[in-house]
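This report refers to the structure that appears directly beneath it.
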2 protein chains.
Amino acid sequence: MNYIDTLQKYNLKITPQRLEIVDILYKDGHTNIDNLYDKLKQKFPTLSLATVYKNLNLMCEKDFVSEVKIPNQKSVYELTKTEHAHIVCVKCGTILDLILNTDDLVTNIKTTTDYDILSSVIVLNGICPRCKDI
Amino acid sequence: MNYIDTLQKYNLKITPQRLEIVDILYKDGHTNIDNLYDKLKQKFPTLSLATVYKNLNLMCEKDFVSEVKIPNQKSVYELTKTEHAHIVCVKCGTILDLILNTDDLVTNIKTTTDYDILSSVIVLNGICPRCKDI
DNA sequence: CTCTGTGCAAAGCGTTTGCAAACGA
DNA sequence: TCGTTTGCAAACGCTTTGCACAGAG
């Protein structure tokens, strides 16, 4: 994965901080600000939290990164992918992506409500297989 | 609707402020803190925002009230009802309740992911019939 | 009478802003 | 070189806390 091209595609100048942000998001899948900042700090001890905020906000504006609001948790960030749902394990907090076919659902809602549906946010709360066994 | 019984059921003492909070939530369906506070202020000019926060937090803890997190908007509060989805009009901000049968979806996810699903949060973004015509 | 709720002010916390210096193109 | 990004500190806005007084049971 070439993060340089990706950043340039979104008109974001290449900086070491940004490359690392993208790398962490890519590898972690979902990260909240604090986690991200902690990891970045290891590589850039002088890094400012403000820089992380500025970059995430910018990347979200450009729709290169997406913010995922999880009930009762801090927002997490992910590289923007095709629309998908999230399953959150209420015990360990792990977040799993889930590609759902919501076509039927959306068609159904369109006819019953007469709304034009643009997007859907689906978050499921559950217990992951690992936590079930504990 | 007898709000007094309802409050007592949740072990909440009856106060004029609380009765009015419940009344507004009941009539509005979905309200954010600012709206709620503005309306309450008309009846209780000395009301403190802190009181509204304290009460909402308490009512949410007791699951009498639910917080609904909407992407790119402040949370709104509603009296806890049976699980349902929300459609948000991206133009006018109106929120509509939608009772969806998610049984198929949930069963499907349970088998494919092996997660126990406890609850689901579904928010749809769209354009309401009224805004479509403008 | 006792315990809880209210209102006020202050504190707390996460996020944003302004600015000078450093850096990327 | 010029415009952007960084890091720092201060400001900001929302939410929570502590406390004295008022009110509910």
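Chain letters run A, B, ... following the sequence lines, proteins first and then strands; every chain starts at 1.
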Legend entry - B:C128 to B:C89 - nearest heavy-atom pair and separation: N-SG, 3.4 Å
Legend entry - Touch class at under 4.0 angstrom, heavy-atom based, for B:T51 against every strand present: base
Legend entry - Rounded interatomic separation in angstrom, taking CD from B:E61 and P from C:dG5: 11 Å
Legend entry - Spacing between A:R18 atom CZ and C:dG24 atom C1', to the nearest angstrom: 10 Å
Inset, instruction - Determine: side-chain N/O of B:S48 to OP1/OP2 of C:dC8, distance under 4.0 Å, yes or no. - result: no
Legend entry - Atom pair distance, as rounded to whole Å: CD in A:E20 and P in D:dT5: 18 Å
Inset, instruction - Report yes if a side-chain nitrogen or oxygen of A:Q17 is closer than 4.0 Å to either non-bridging phosphate oxygen (OP1 or OP2) of C:dC23; otherwise report no. - result: no
Legend entry - Distance-only polar pair, side chains of B:S66 and B:E78, donor-acceptor under 3.5 Å: no
Inset, instruction - Rounded off to whole Å, could you give me the CG-to-C1' distance for the A:L49 and D:dT5 pair? - result: 16 Å
Inset, instruction - Quickly, which of B:D38, B:I33, B:L40 forms a side chain to side chain contact (heavy atoms under 4.5 Å, CB included) with B:L36? Name it, please. - result: B:L40
Legend entry - Pair A:Y77, A:N32: side-chain N/O donor-acceptor within cut-off below 3.5 Å: no
Inset, instruction - By nearest nucleotide on DNA chain D, pick out whichever of B:A50 and B:T15 is the more 5' one. - result: B:A50
Inset, instruction - Heavy atoms only: give me the nearest A:D63-A:T80 pair and the separation to one decimal. - result: O-OG1, 3.0 Å
Collect all protein-nucleotide pairs involving nucleotides 20-23 of chain D in which both atoms are nitrogen or oxygen and the distance is under 3.5 Å.
none

Legend entry - Comparing B:Q8 and B:D34 on DNA chain D - which has the more 5′ nearest nucleotide: B:D34
Legend entry - Short side-chain N/O contact from B:N55 to OP1 or OP2 of C:dT6, under 4.0 Å: yes
Inset, instruction - Measure from the side-chain heavy atoms of B:K54 and tell me the nearest of C:dT17, D:dC19, D:dT5. - result: D:dC19
Legend entry - Gap between atoms CE and C1', on A:M59 and D:dT5 respectively (whole Å): 12 Å
Below 3.5 Å, can you tabulate the donor-acceptor pairs from side chains in residues 114-121 of chain B to any protein atom, sequence neighbours excluded?
from, atom 1, to, atom 2, distance (Å)
B:D114, OD1, A:K132, NZ, 3.3
B:S119, OG, A:N125, ND2, 3.1
B:S120, OG, B:E83, OE2, 2.9

Legend entry - Nearest-nucleotide 5' precedence on DNA chain C, B:P45 against B:L12: B:L12
Inset, instruction - Provide, to the nearest angstrom, the distance between the OH atom belonging to A:Y37 and the P atom belonging to C:dT16. - result: 15 Å
Inset, instruction - In whole angstrom, give the distance that lies between atom NZ of A:K43 and atom P of D:dT6. - result: 15 Å
Inset, instruction - Measure distances between side-chain N and O atoms of A:K41 and base N and O atoms of D:dG7, and say whether any donor-acceptor pair falls under 3.5 Å. - result: no
Inset, instruction - Search all heavy atoms of A:F64 against all heavy atoms of A:L7 and return the closest pair with its distance. - result: CE2-CD2, 3.9 Å
Legend entry - Separation of D:dT5 P from A:N11 CG (nearest whole Å): 10 Å
